[in-house]
4 protein chains.
Amino acid sequence: MAPKRVDRAARREEILGAAVRVFARKGFAASRIEDVAAAAGIGKGSVYLYFASREALLTAAFEELASTSADILREARADSRPALDRLAALVHAVLRSMAQRPELSRILLDLWSASRGGEGLPLDMGAVYADYRAAVAELLREAATEGAVRPEVGTRHATVVVAAVEGCLLQWLVDPRLPLIELADPIVSICLDGVRLGATR
Amino acid sequence: MAPKRVDRAARREEILGAAVRVFARKGFAASRIEDVAAAAGIGKGSVYLYFASREALLTAAFEELASTSADILREARADSRPALDRLAALVHAVLRSMAQRPELSRILLDLWSASRGGEGLPLDMGAVYADYRAAVAELLREAATEGAVRPEVGTRHATVVVAAVEGCLLQWLVDPRLPLIELADPIVSICLDGVRLGATR
Amino acid sequence: MAPKRVDRAARREEILGAAVRVFARKGFAASRIEDVAAAAGIGKGSVYLYFASREALLTAAFEELASTSADILREARADSRPALDRLAALVHAVLRSMAQRPELSRILLDLWSASRGGEGLPLDMGAVYADYRAAVAELLREAATEGAVRPEVGTRHATVVVAAVEGCLLQWLVDPRLPLIELADPIVSICLDGVRLGATR
Amino acid sequence: MAPKRVDRAARREEILGAAVRVFARKGFAASRIEDVAAAAGIGKGSVYLYFASREALLTAAFEELASTSADILREARADSRPALDRLAALVHAVLRSMAQRPELSRILLDLWSASRGGEGLPLDMGAVYADYRAAVAELLREAATEGAVRPEVGTRHATVVVAAVEGCLLQWLVDPRLPLIELADPIVSICLDGVRLGATR
DNA sequence: AATGAATGAGGCTTCATTCAT
DNA sequence: CATGAATGAAGCCTCATTCAT
């Protein structure tokens, strides 16, 4: 009756953590269930007590990332500063969050690949980015209301802002020497003010 | 003897084209050599007369993409217009090139995944992006010389410009409903002028 | 201490009953210890407190069937009517017994399979049928003594009588729509009198 | 184009033959694909070039047996002798056929088990016995027309005749020392004339 | 060159059994 | 006694690669 020694959810998290480490290092395709079990310090079969299949581990990692994203977006919405400040904060929050959990972030490489339309896993990074775009578009709309951005700014601009963030992430993932955190300011700066001389002010 | 060379190369291209179609649809991980052979209309064993291994097919697709990138960059360098015009042209060229070959583009999802550090395939998307960044940085430098961009603009800004392009590509890949081509203008517009009101001029 | 014996035996019977239900439905090969435990309303590990192994459950089911057979044969021997009446009673008793416990009967399908020569389980349906044949042969011998059957009737005829019974059982098992009980009379009728016109009297 | 060295059907038969030998010896449940491959003198994976799964091998064995049955029934129907002679011939043919291919016959033990209703393999021994019953019933009907059997003889008697045959087979399978072939005459004799004194003539 | 039959290493998953609580 | 989490041996099946024709 009383949860054994380790409660189910905690053990599940342990295994997922191990899976994330393994996937981050070798990639999902090259990661064996046995690797994950070994990384978690348990037997191969035990993984199946907590996850239905190897793919379920990737799905769970996706859900963790998606949930992190949702948290960040929720906070951005709860924020009450001027819209552009909140946009800047959002950009920083995303990059900081990724930089803080580099192993989870590397899973993105596999999640993108697995998000290839239709038949694959129940895993849709497209939806995550749609959420980001919606949030950024809303912020830009508010900023327009506040008279802070040009009025023709719309959904496509939101897409580009999200792109700047995710594109930096991408470059960092394929070349971890890039200073991810330090890209936050240039992203904000460019997205707000561009690079053209005299553009600011 | 000589004519064989041509045939051989042509056949190799056919097979690679088939592989790209298959990889684009199912992803590299789920693509079997037999699928590729069937798509190319040849026997399974024949693939090995032209490619050393299954992974060599992915590597070849990478090389095709990398070579396309190199071509685009070469053209950007050969261009003699003002730097910012060339930058805009580069952005358009990249997106147009991707939109024109959507199947090859989808391979990116697998190439990113395979570019994960060290031990994997001899395939480095990081280097491709480094080239892009260098090219963009050079254009920005020139633009600064021409007095067209703010003088503090540097490598990190180049990274963000590349990010905006690749980030749009990414969003399009995980959700092909996005109008990739139509994102070129917003990318250029934002990267040059930002979104802030009064930012332009 | 003593009372525990009773409890223990009762619990063992409960588990065996659950096992029989499960085996009857899914077959022994497809039945998992966990299925049996669930059907018995106990934990998986507890099964092992009463049975040494999964196979021991099948062996126990066999023993129950064999013991039922032995009871029926014992009663047939204790009977004091004319031999052919006792033979008819025996046939009815066997079919009735099976029809009354259809789940236990279905285990026969697995017991036959497991009775395949030597190396398998310690479980020998051949011996059960040998007992049946011996009993029927004895009845036929008595009937001959009583002048009720043709004198050349012997062991092989006993085999055929047993076959008629078991063959009906078999057909019923692979097609439960057959009216098992109603086959008892035709079995007796045929085995005693055949089907030929004018055969009787 | 030209079939390789060994044509597909022949190779398939070789493998099926090996599977039958293995299944006959160890039972289907205990037979590993690797055992079958070894018995066929080929590699494990090659089995899958000819059979979709381990179960497909059992299904194929079933089909072979069912087809043998169908052949025997076809011949019985083509026969033009008096119905009871044809019935006797049918009984002999079935037992002879089984005795001639004892390994294929032993598969029956697994086929019965697998015929357990509903969810299992696409394999229905019940249908095979229904065919037998129909054929025997038809023969009995004809015999009645010919005035050779008692007029009340019907479907249930057919079931008992089939039972006598299959029941002998069963006893032989669980105890191969039984002289299967020599049971044909007693089966015919009993089913036609019973055992009761004065029953014949 | 081209083929596709053959191979067998490898990986996922299942599940009987054990054992700490 | 009872439990069910943990284990790892075992087996099915896939598929990249080879090679005889």
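Reckoned from all heavy atoms, side chains included, excluding hydrogens, waters and symmetry mates.
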Whole-Å distance, D7(B) CG to dA1(E) C1', equals 11 Å
What ring pair (Phe, Tyr, Trp, His ring centres under 6.0 Å) pairs are there with at least one residue in residues 10-54 of chain B, not counting sequence neighbours? F23(B)-F28(B)
Partner set under side chain to side chain donor-acceptor pair (under 3.5 Å) for S105(D), not counting sequence neighbours: none
Mark yes or no for whether R54(A), through its side chain, and S31(A), through its backbone, hold a donor-acceptor pair below 3.5 Å. yes
Taking CD1 from I33(C) and P from dA16(E), how many angstroms apart are they, rounded to a whole number? 6 Å
Runs of at least three Watson-Crick or G-U pairs with DNA chain F, cut-off 3.5 Å: E:2-21 with F:2-21
Does D124(C) have any side chain to side chain donor-acceptor pair (under 3.5 Å) partners at least two apart in sequence or in another chain, and if so, which? none
Between S31(D) and A30(B), which is nearer to the 5' end of DNA chain F once each is assigned its nearest nucleotide? S31(D)
Answer yes or no: does a side-chain N or O of R11(A) lie under 4.0 Å from OP1 or OP2 of dA5(F)? no
Output yes when at least one side-chain N/O atom of R8(A) is less than 4.0 Å from OP1 or OP2 of dG4(F), else no. no
Rounding to an integer number of Å, can you tell me how far R12(A) CZ sits from dA6(F) P? 14 Å
R106(C)/E103(C) salt bridge by N-O under 4.0 Å criterion: no
Residues which pass side chain to side chain donor-acceptor pair (under 3.5 Å) with S46(B), listed by chain and number, not counting sequence neighbours: none
Specify the residues of residues 34-57 of chain B, ordered by number, for which at least one heavy atom lies under 4.0 angstrom from an atom of DNA chain F. K44(B), Y48(B), S53(B), R54(B)
Which residue is it: I107(A), L121(A), V128(A)? I am looking for the one with a side chain to side chain contact (heavy atoms under 4.5 Å, CB included) to F62(A). V128(A)
CZ on R32(D) to NZ on K44(D), rounded to 0.5 Å: 13.0 Å
